[in-house]
Amino acid sequence: MEALMTLDCSNYSENIVEVLKIFQQIGWYIYNPQGKVEYLPIDDDDEYDWQCDEKTESELYDIISKKTAGKEQIGINLFYCNGAEGISLMACDTSQIILSITINRKTVKGKYTDMAWYLQNIIYKFLDIDVRLLSYKIEEYED
């Protein structure tokens, strides 16, 4: 199974760093359990050559800003604060942020994505802090 969530946050901000800060505010951290950042580097040319390095928030934001200026695809893995779940955030701008629900995906009945959990811990938390989304969509695909 593959699950995706697509968000349009452009009503909140056109700056992907600002949206990333909101994810952190609602409990999705940039650091993996080993304290490293998993991200797409500058000049990746859509090769999806994920890097895993020790970076400060400032260094990561600088990378994202440079990728945005170069109209490059931004990619960063985010990890939920109270568990092992993670998401891969991919975006070129804030009007179409794709969250691939793949890292220790929370499931029900053995294989289906627990969409209610992701709604509660992303969409509803955004709404709780008055981040208005223009749209969101959740999809699941069977392999």
Side-chain angles (χ1 to χ4, degrees), residues 1-33 35-53 55-109 111-143:
M1 297 292 240
E2 180 182 5
L4 298 172
M5 183 181 290
T6 306
L7 310 175
D8 182 343
C9 298
S10 60
N11 194 47
Y12 172 74
S13 177
E14 292 186 7
N15 184 334
I16 196 74
V17 169
E18 294 302 317
V19 174
L20 185 57
K21 288 179 181 179
I22 291 296
F23 271 96
Q24 292 180 90
Q25 184 179 333
I26 65 169
W28 291 90
Y29 298 150
I30 62 173
Y31 296 105
N32 69 16
K36 295 184 177 181
V37 177
E38 299 175 14
Y39 64 99
L40 291 177
I42 297 169
D43 296 326
D44 182 58
D45 296 323
D46 293 332
E47 294 290 324
Y48 300 101
D49 182 23
W50 288 85
Q51 303 294 303
C52 182
D53 297 316
K55 297 276 183 204
T56 65
E57 276 187 36
S58 178
E59 289 172 323
L60 177 65
Y61 296 158
D62 187 49
I63 290 168
I64 291 171
S65 295
K66 287 177 181 173
K67 286 181 73 71
T68 301
K71 305 214 181 296
E72 292 184 44
Q73 176 91 4
I74 294 158
I76 180 165
N77 288 338
L78 301 174
F79 301 87
Y80 193 63
C81 62
N82 295 323
E85 300 80 14
I87 53 177
S88 294
L89 182 151
M90 305 288 291
C92 287
D93 58 46
T94 62
S95 67
Q96 186 178 30
I97 297 172
I98 298 171
L99 306 176
S100 180
I101 302 170
T102 54
I103 304 166
N104 296 316
R105 183 173 56 97
K106 200 165 209 36
T107 60
V108 292
K109 297 190 179 186
K111 70 175 188 174
Y112 300 103
T113 303
D114 186 352
M115 295 299 194
W117 187 88
Y118 289 95
L119 280 169
Q120 181 64 42
N121 288 290
I122 298 172
I123 302 300
Y124 299 157
K125 285 188 177 186
F126 270 41
L127 298 175
D128 285 346
I129 59 172
D130 293 324
V131 174
R132 288 187 31 226
L133 302 171
L134 286 181
S135 65
Y136 68 89
K137 176 172 62 171
I138 299 177
E139 303 170 279
E140 183 163 55
Y141 303 95
E142 192 154 345
D143 296 334

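For the single chain, residues carry numbers from 1 onward in sequence order.
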**Q.** Nearest heavy atoms of E57 and Y31, plus distance in Å
**A.** N-OH, 3.3 Å
Q. Sequence neighbours excluded, which residues qualify as side-chain hydrogen bond (donor to acceptor under 3.5 Å, both in side chains) partners of S135?
A. none
Q.
Does any part of the side chain of I30, heavy atoms only, come nearer than 4.5 Å to the side chain of L78, both counted from C-beta?
A. yes
Q. At what distance, to the nearest 0.5 angstrom, does CE of M115 lie from OG1 of T113?
A. 4.5 Å
Q.
Measuring from atom CD of E2 to atom OG of S100, what distance do you get when rounded to the nearest 0.5 angstrom?
A. 5.5 Å
Q.
As a quick check of understanding, evaluate side chain to side chain contact (heavy atoms under 4.5 Å, CB included) for L99 and F23, giving each step before the final call.
A. CA-CA 12 Å; L99 306 176; F23 271 96; 4.0 Å; yes
Q: Begin from the C-alpha positions of I87 and T102 and carry the test side chain to side chain contact (heavy atoms under 4.5 Å, CB included) through to its verdict.
A: CA-CA 6 Å; I87 53 177; T102 54; over 6 Å; no
Q) How far apart are the C-alpha atoms of D8 and S95, what are their side-chain angles, what is the distance that settles it, and do they pass the side chain to side chain donor-acceptor pair (under 3.5 Å) test? A) CA-CA 4 Å; D8 182 343; S95 67; 5.3 Å; no
Q. Atom CG in L7, atom CD1 in I122: separation rounded to 0.5 Å?
A. 7.0 Å
Q: For N11, check side-chain hydrogen bond (donor to acceptor under 3.5 Å, both in side chains) against everything at least two apart and list the hits.
A: none
Q) Taking everything shown except E14 itself, do over 12 heavy atoms lie less than 6.0 Å from its CD? A) no
Q.
To check you understand the geometry: which heavy-atom pair defines the closest contact between Q73 and C92, and what is its length?
A. OE1-SG, 3.3 Å
Q.
Test: ring-ring contact (aromatic ring centres under 6.0 Å, His included). Region: residues 88-109. Which pairs qualify, not counting sequence neighbours?
A. none
Q: Find the distance between CG (L127) and CD1 (I26) and round it off to the nearest 0.5 Å.
A: 9.5 Å
Q.
My understanding is that only residues two or more places apart in sequence, or in another chain, count here; which of them pass salt bridge (Lys or Arg N to Asp or Glu O under 4.0 Å) with D62?
A. K66
Q: Could you list the residues that satisfy side-chain contact (heavy atoms from CB on, under 4.5 Å) with N32, not counting sequence neighbours?
A: Q34, K36, E38, C52, F79
Q) Is there side-chain contact between L40 and I74, with at least one heavy-atom pair below 4.5 Å? A) no
Q. How long is the gap from NZ on K137 to CD1 on I123, to the nearest 0.5 Å?
A. 12.5 Å
Q.
A side-chain contact here means heavy atoms from C-beta on lying under 4.5 Å apart; do D93 and I16 qualify?
A. no
Q: Using salt bridge (Lys or Arg N to Asp or Glu O under 4.0 Å) as the criterion, list what pairs up with E47, not counting sequence neighbours.
A: none
Q. Is the closest side-chain heavy-atom distance between L133 and C9 below 4.5 Å?
A. yes
Q: Using side-chain contact (heavy atoms from CB on, under 4.5 Å) as the criterion, list what pairs up with E85, not counting sequence neighbours.
A: Y80, K106, W117, Y118
**Q.** Any D43 side-chain heavy atom under 4.5 Å of E72 side chain
**A.** yes
Q | Residues that V108 engages under side-chain contact (heavy atoms from CB on, under 4.5 Å), provided they are two or more places apart | A | Y112, D114
(Q) Which heavy atom of Q24 sits nearest to which heavy atom of Y29, and what is that distance? (A) O-CE2, 3.8 Å
(Q) Please evaluate residues Y141 and E139 with respect to the criterion side chain to side chain donor-acceptor pair (under 3.5 Å), reporting the C-alpha separation (whole Å), side-chain torsions for both, the decisive distance (0.1 Å), and the verdict. (A) CA-CA 7 Å; Y141 303 95; E139 303 170 279; 2.7 Å; yes
Q: Using a 4.5 Å cut-off on heavy atoms from C-beta on, say whether the side chain of V37 contacts that of Q51.
A: no
Q: Kindly indicate whether the side chain of L134, heavy atoms from C-beta on, has any atom under 4.5 Å from the side chain of S10.
A: yes
Q.
Between K111 and E142 (salt bridge meaning N to carboxylate O under 4.0 Å), is one present in this structure?
A. yes
**Q.** Criterion side chain to side chain contact (heavy atoms under 4.5 Å, CB included) on M90 and Y48, from CA distance to verdict
**A.** CA-CA 10 Å; M90 305 288 291; Y48 300 101; 3.1 Å; yes
Q. How many angstroms lie between atom CD1 of I97 and atom CG of L89, to the nearest 0.5 angstrom?
A. 5.5 Å
Q. Minimum heavy-atom separation for G86 to W28, with atom names?
A. CA-CZ3, 4.0 Å
Q. For E140, what residues pass the salt bridge (Lys or Arg N to Asp or Glu O under 4.0 Å) criterion, not counting sequence neighbours?
A. R105
Q. Should N77 and W50 count as side-chain neighbours, where that means a heavy-atom distance under 4.5 Å?
A. yes
Q) Within the side chain of S13, is there an N or O that forms a donor-acceptor pair under 3.5 Å with the backbone of V19? A) no
(Q) Which residues pass the side-chain hydrogen bond (donor to acceptor under 3.5 Å, both in side chains) test with N15, not counting sequence neighbours? (A) none
(Q) Restricting to side-chain contact (heavy atoms from CB on, under 4.5 Å), what partner residues turn up for I22, sequence neighbours left out? (A) Y12, Q25, F126, I129, V131
(Q) Just to verify, what does K125 make a salt bridge (Lys or Arg N to Asp or Glu O under 4.0 Å) with, not counting sequence neighbours? (A) none
